[in-house]
Amino acid sequence: MAAARTVRGTRDLLPEDSARLRAVEGTAWQTAQRFGYGEVATPIFEFTEVFARTLGDTSDVVTKEMYTFNDRGGDSLTLRPENTAGIVRAFISNSLAAQLPQRIFYRGPMFRYERPQKGRLRQFHQIGVELLGAADPLADVEVISLAHEFLCALGLGGAITLELNTLGSSESRAAYRTRLVDYLQGHRERLSVDSLERLERNPLRILDSKDAGDRAVIAGAPALADSLDGPSGEFFAAVRAGLNDLEIPHHINPRLVRGLDYYCHTTFEFTTEHLGAQGTVLAGGRYDGLVAQMGGPPTPGTGWAAGVERLMMLSGVQAVMPRPVAMIALGREQSGAALRLARRLRQSGQTVQFAFGTSLGKQMKWANRIGARLAVIVGSDEVARQVATVRDMDAGAQEEVSLDLLEERLAQSA
RNA sequence: GCGGGAGUAGCUCAGUUGGCAGAGCACCGGGUUGUGGUCCCGGGUGUCGCGGGUUCGAAUCCCGUCUCUCGCCCCA
């Protein structure tokens with residue numbers, strides 16, 4: 001048997017971890033529901049081409065980060081590295097374009113073959129929303145404000161910054177790309193090795209380089225804003241106006257360029273200073289060409305995804321575990337009565353943990369250790385008189401309660 | 001994929017020049033077979049990440065490897 005360890009970059013979620021993860025997810029889901037979003041759960045694996053085609057053949061995600069394998073039927077399958085492609089595939093598969101717009105929420109594990117770091121795992125969790133079928137800039141405003149409310153609900157309002165940019169229409173973006181490449185070709189000798197690579201695959205990313213030499217070159221590069229056509233400029237202005245109407249603070253970052261090919265117009269990120277190199281906590285943008293590219297009816301889209309583990313590290317949300325009632329039977333003869341009592345109390349909404357053991361002292365010690373609110377003790381004396389001893393574990397006081405009144409009595413002390 | 005740092009008990013960590021593996025907390029047993037916490041007594045619970053090598057002797061030195069971690073790439 002292999003050593004009892006997890007695969008690199010994966011983790012077990014123990015009860016407290018799971019509770020914290022559910023708390024973050026639940027907050028997102030509640031927020032999305034209030035905006036009228038419905039949850040869509042797609043499989044965690046898809047045909048490889050679902051991702052390969054949509055993410056772009058040159059993206060890092062496709063070229064080196066996907067978990068791809070052949071199943072027994074010979075199909076190439078891939079564990080989802082992100083979920084926009086899967087949601088769009090589901091949108092097409094289920095003909096959701098019949099009723100637009102579609103407001104979709106999702107959550108679940110994603111998989112990327114990357115070198116792990118803090119806030120970067122090979123299996124991690126994302127939550128996200130996609131708003132399909134709305135070309136209006138107010139759709140971008142909606143998803144950004146949804147994100148903002150969600151992050152504020154987690155108590156992160158002060159810890160995060162919203163950065164915003166536009167790539168312009170697909171035409172604007174393509175025109176700018178040409179101008180940028182022309183400029184950079186003239187300064188090849190001053191670019192870093194990484195950026196020479198980017199020049200071939202994804203030249204816009206050079207704008208975001210951390211290399212000092214690159215930045216000097218970039219300083220003289222043509223600005224994306226200057227390449228925007230009229231409608232693209234108006235679109236961006238409308239997004240910003242909407243954010244201002246909602247008083248959502250943001251700042252324009254002309255170097256904010258998404259890595260994936262399908263983005264156009266609005267791009268945004270909520271970032272933090274508190275997570276080292278993994279400062280992006282939630283990111284998204286508009287992807288008007290994606291649905292058509294995947295073979296569906298031309299449909300505009302906008303949305304975002306957030307990393308749950310990163311949010312958990314930031315927010316310090318504590319797991320809320322209900323304090324149980326400890327059900328203690330004294331002696332085997334009383335176990336039947338105790339089992340039935342425990343069932344009754346659970347049916348009345350109580351959390352009840354049943355004690356295994358014989359010595360009252362040990363069972364009380366156990367009740368104390370699990371943080372029980374109350375201990376219900378059922379011994380032969382109690383059974384004979386149709387009562388139970390109810391001990392308040394915090395106060396250290398106890399009383400006998402008639403079995404008929406037990407639910408009522410416990411409900412009072414909740 | 002590239003470059004640094006780390007790995008000793010469940011947790012946080014100490015361990016001298018290579019010489020019997022330790023502390024605090026936690027945990028377990030007993031004092032207490034119908035009463036927990038506090039208290040007292042007792043217990044170390046360990047593949048020193050793993051595998052080799054050097055040595056009379058390795059947690060300690062050397063090599064490899066795994067995992068975590070910081071940065072790069074990229075990304076949530």
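What you see is a predicted model, and the numbers here were worked out from it, not measured in a lab. Values reported hereafter were calculated over all heavy atoms of this structure, with side chains retained and with hydrogens, waters and symmetry mates removed. All chains are named by letter (A, B, ...) in the order of the sequence lines, taking the proteins before the strands, and each is independently numbered beginning at 1.
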Inter-nucleotide [atom1] distance ([N], [M]), Å rounded:
| N | M | atom1 | result |
| --- | --- | --- | --- |
| B/A26 | B/C66 | P | 38 Å |
| B/A58 | B/G37 | P | 45 Å |
| B/G22 | B/G46 | P | 14 Å |

Which part of the nucleic acid, if any, lies within contact of A/S192, taking any heavy atom under 4.0 Å across all strands shown: a base, the sugar-phosphate backbone alone, or nothing?
nothing

Base, sugar-phosphate alone, or nothing: which one does A/L282 contact when heavy atoms must sit under 4.0 Å apart?
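Result for A/L282 = sugar-phosphate.
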
Just N and O in the side chain of [X]: are any of them under 4.0 Å from OP1 or OP2 of [N]?
| X | N | value |
| --- | --- | --- |
| A/R198 | B/C73 | yes |
| A/K118 | B/C68 | no |
| A/Q117 | B/G71 | yes |

Presence of salt bridge, [Y] and [X], under 4.0 angstrom:
| X | Y | answer |
| --- | --- | --- |
| A/E142 | A/R103 | yes |
| A/E46 | A/R89 | yes |
| A/R385 | A/E400 | yes |

Which sits closer to the 5' end of RNA chain B, A/L360 or A/R120, going by the nucleotide each is nearest to?
A/L360

Comparing A/F270 with A/R8, nearest RNA chain B nucleotide closer to 5' gives the residue A/R8

A/F124-B/A76 aromatic stacking (under 5.5 Å, under 30°):
yes

Over 60° means perpendicular and under 30° means parallel, so classify the ring planes of A/F150 and A/W304, tilted if in between.
parallel

With under 30° as parallel and over 60° as perpendicular, where do the rings of A/H187 and A/Y183 fit, or are they tilted in between?
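The arrangement is tilted - the two ring planes meet at 30° to 60°.
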
Would a distance-only check, ignoring hydrogens and angles, find a side-chain to backbone donor-acceptor pair under 3.5 Å from A/T31 to A/T27?
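Yes.
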
Below 4.5 Å, heavy atoms only, C-beta onward: do A/L403 and A/L341 meet side chain to side chain?
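Yes, their side chains come closer than 4.5 Å.
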
Report yes or no: is there a donor-acceptor pair, N or O only, under 3.5 Å between the side chain of A/E382 and the base of B/G34?
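Answer yes: a donor N or O sits under 3.5 Å from an acceptor.
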
Pair partner, B/A6 [Watson-Crick or wobble, under 3.5 Å]
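Its partner is B/U67 (Watson-Crick or G-U wobble, both distances under 3.5 Å).
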
Going by purine N1 to pyrimidine N3 plus the second Watson-Crick contact, or the G-U wobble pair, all under 3.5 Å, which nucleotide sits opposite B/G22?
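The base-pairing partner of B/G22, which may sit in any strand shown, is B/C13.
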
Would you list the protein and nucleotides 25-31 of chain B atom pairs, both N or O, that sit under 3.5 Å from each other?
from, atom 1, to, atom 2, distance (Å)
B/C28, OP1, A/R369, NH1, 3.0

